[in-house]
Amino acid sequence: MEKQVCDQCENQCSIDELKCGKGRKHFGLEPDEGGKGHPMPEGPLGLLMQCGHVLHHGGASGEGLLRALSAEEQTELERLLGLLLEDWKTRMPGKGHGQPGK
């Protein structure tokens, strides 16, 4: 018999070993809370988390992702994100993974 896999995300987990909330909710192993499984903070941190979620799970990639921002705004965003990343690396060494070096 062929192994059954979940089709709710790109992970394609075995139905017997579901790792994401989407799969667990789809197969009735976790209550569906209308997308509110993880409370999102308000303000800039919540927006940053939402952007990261879209980038990670939404299949977004390539040119044009920042087209809503002017060249100056993109430069400023890169500067600000760099400041945050460096601070977080200093305060939380070893917590990040897959971080590109400068």
Could you please spell out the steps behind the side chain to side chain contact (heavy atoms under 4.5 Å, CB included) verdict for L65 and L55? CA-CA 9 Å; L65 286 174; L55 289 171; 3.9 Å; yes
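- When all heavy atoms of K22 and Q8 are compared, the closest pair comes out as CD-O, 3.4 Å.
- Remark: L45 pairs with P41, M49 by the side-chain contact (heavy atoms from CB on, under 4.5 Å) rule, at least two apart or across chains.
- To the nearest 0.5 Å, the span separating CD on E78 from CG on L66 amounts to 9.5 Å.
- Contact record, Q12 with D7: NE2-CA, 3.9 Å, taken as the closest heavy-atom pair.
- Interatomic distance, K89 NZ to D87 CG, rounded to the nearest 0.5 Å: 11.5 Å.
- To the nearest 0.5 Å, atom NZ of residue K19 and atom SG of residue C13 are 4.5 Å apart.
- Residues satisfying the side-chain contact (heavy atoms from CB on, under 4.5 Å) criterion with C51, sequence neighbours excluded, are absent altogether.
- Cluster membership for L47 and L85, using ILVMFWY side-chain heavy atoms within less than 4.5 angstrom, is not shared.
- Annotation: side chain to side chain donor-acceptor pair (under 3.5 Å) contacts of E76 (sequence neighbours excluded): R79.
- Residue E42 places its CD atom among 12 or fewer non-hydrogen atoms of other residues, nucleotides or ligands, all under 6.0 Å distant.
- Under the side-chain contact (heavy atoms from CB on, under 4.5 Å) criterion, R67 pairs with no residue at all, not counting sequence neighbours.
- Between the side chain of Q74 and the backbone N or O of L69 there is at least one donor-acceptor pair closer than 3.5 Å.
- For S70, the side-chain contact (heavy atoms from CB on, under 4.5 Å) partners two or more places apart in sequence, or in a different chain, are E72, E73.
- Here the CG-CH2 distance, from L83 to W88, works out to 11.0 Å after rounding to the nearest 0.5 Å.
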